[in-house]
Amino acid sequence: MSTEVQEMPEQGEIVLATITKVMDHGAYVTLDEYNEIQGFLHISEIAPGWIRSVSKFVKDGEKKVLLVKKVNSDRGDIDLSLKQVSKDQKKQKLKEVKKFEKGKTLLQNVKEKGDLSDKDIEKLEDIIYSKFDSVYDAFIEIARNGIESIKELKLPKKTAAVIEEICSKIKLPSVEIRGIMEITNNKSDGVEIIKKALLDATKKDPTIDITYLGAPKYRLSITAEDFKSAEKTLKPILVEIQDSIEKKKGSFKFTREESKKTREN
C-alpha cells in the first residue's frame, strides 16, 4: 500500500484547473499543478447572479484560473471559485504558468545538450531556485547579463557552458514606446538645425531610433526592458530635442502612438 501523501493546495491560493465534468449544479475539475487531484466548482461560485446553464460558463476540457475557497484534507475535498478571481489574479497566474512551462523546456534543452541525467537536472533546478523565483527568470538573467551573473551558484563548467549557449539564442522580451514629432524651422539652415538636434539625441542612447516620415514628421521610438525604463528615457530626450529646436526659433510637437511589446522566444 502506498504511503505517499498527496500535496494539497492552500485556502486562498490561485490555481490552474481543467474542467472534467460539467453538471447541473457545478463542475468537477482537476488541478493541473497538484497531480490532477479533483476539486469542485459549485454553480454559486461560477459567476455573479443567477445561472441558468453551467455549460454557458465552463466546458469540458477548458482551462480555468480558480480560487481555492476551502480544503478538507481528511476528506480530500477542495471547493473552488471562478467568480472570486480578479482579472489581475488571472493574468498573473497565467503568466506564472507560462514561465514554468518555458522553464521546463529550457531544462530539457540543457539535459539533452549536456547529456545530463534526471538527477542532474533536479539538482540544477534546486540550485536555480535557491536564487530565482523560476528557471525562466534565471535564463533571462543570463541572456541579459551573461553567465557571470550567476557565478555564485557555482555550476559545473560543462553545465554552465551549455546554459550559456542556450541563453545566447534567447530573444529577450522588450517594449517599444513611440510617437510622432512634428518639427519645423523656417530659417535658411532650418533643415540642418533639425538634423543636428535629432542626431545629438540619438548619439546619447542606442535604444533611441528616429525615422524620417516626410516633412515635418519624424517617428521617435525607444526600446527597453520594460515600460517604466522606456518612459524614463523618453522624457529627457523630448525635452532636449524641443529645447534645441525652439532655441533656434523652430516649432516642436509630439504625439504618442500605441506602445508595443515584443514577445520572447
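Classification of the Phe252-Phe254 ring pair by plane angle, with boundaries at 30° and 60°, yields parallel.
Look at Lys95 and Glu101 and you find no salt bridge, because none of the NZ, NE, NH1 or NH2 atoms lies under 4.0 Å from a carboxylate O. Note on Glu33 versus Lys93: salt bridge recorded, some NZ/NE/NH1/NH2 to OD/OE distance being below 4.0 Å. A salt bridge links Lys99 with Asp137: the distance from a Lys NZ or Arg NE/NH1/NH2 to an Asp or Glu carboxylate oxygen falls below 4.0 Å. At a threshold of 4.0 Å, the pair Glu258-Arg178 does not count as salt-bridged, since none of the basic side-chain nitrogens sits closer than that to a carboxylate oxygen. Salt bridge status for Asp77 with Lys70: absent, with no side-chain N to carboxylate O gap under 4.0 Å.
Under a cut-off of 6.0 angstrom, the local environment of CG in Asp24 is sparse, with at most 12 non-hydrogen atoms contributed by other residues, nucleotides or ligands. Within 6.0 Å of the NZ atom in Lys21, the count of heavy atoms belonging to other residues, nucleotides or ligands does not exceed 12. More than 12 heavy atoms of other shown residues, nucleotides or ligands fall within 6.0 angstrom of atom NZ in Lys83. The number of heavy atoms from other shown groups lying within 6.0 Å of CD (Glu10) does not exceed 12.
The minimum heavy-atom distance linking Leu66 with Ala17 is given by the pair CD1-CB, 3.7 Å. Between Val135 and Ile128 the shortest heavy-atom distance is CA-CG2, 3.9 Å. Among all heavy-atom pairs drawn from Lys113 and Val162, the shortest one is CB-CG1, 3.7 Å. Minimum interatomic distance between Lys59 and Glu62 (heavy atoms only, all atoms of both residues): N-OE1, 2.9 Å. Minimum heavy-atom separation, Leu234 to Ile222: CA-CD1, 3.4 Å. Nearest approach of Ile237 to Ala201, heavy atoms of both residues: CD1-O, 4.1 Å.
Legend: residues meeting salt bridge (charged side-chain N to carboxylate O under 4.0 Å, His left out) with Lys195, ordered by chain and number and at least two apart, are absent. For Asp226, the salt bridge (charged side-chain N to carboxylate O under 4.0 Å, His left out) test picks out no residue, with sequence neighbours left out.
In this structure, a donor-acceptor pair under 3.5 Å is present between the side chains of Ser81 and Glu45. The closest side-chain donor-acceptor pair between Glu13 and Tyr34 falls under 3.5 angstrom. Side-chain N/O atoms of Thr211 and Asp209 include a donor and acceptor closer than 3.5 Å. With 3.5 Å as the limit, one finds a donor-acceptor pair spanning the side chains of Asp32 and Thr18. Side-chain contact annotation: Asp88 with Ser86, donor-acceptor N/O pair under 3.5 Å absent. Side-chain N/O atoms of Ser174 and Thr223 include no donor and acceptor closer than 3.5 Å.
Other residues sharing a hydrophobic cluster with Val65 under the 4.5 Å side-chain heavy-atom criterion for ILVMFWY residues are Ile14, Leu16, Leu67, Val85, Leu94, Val97.
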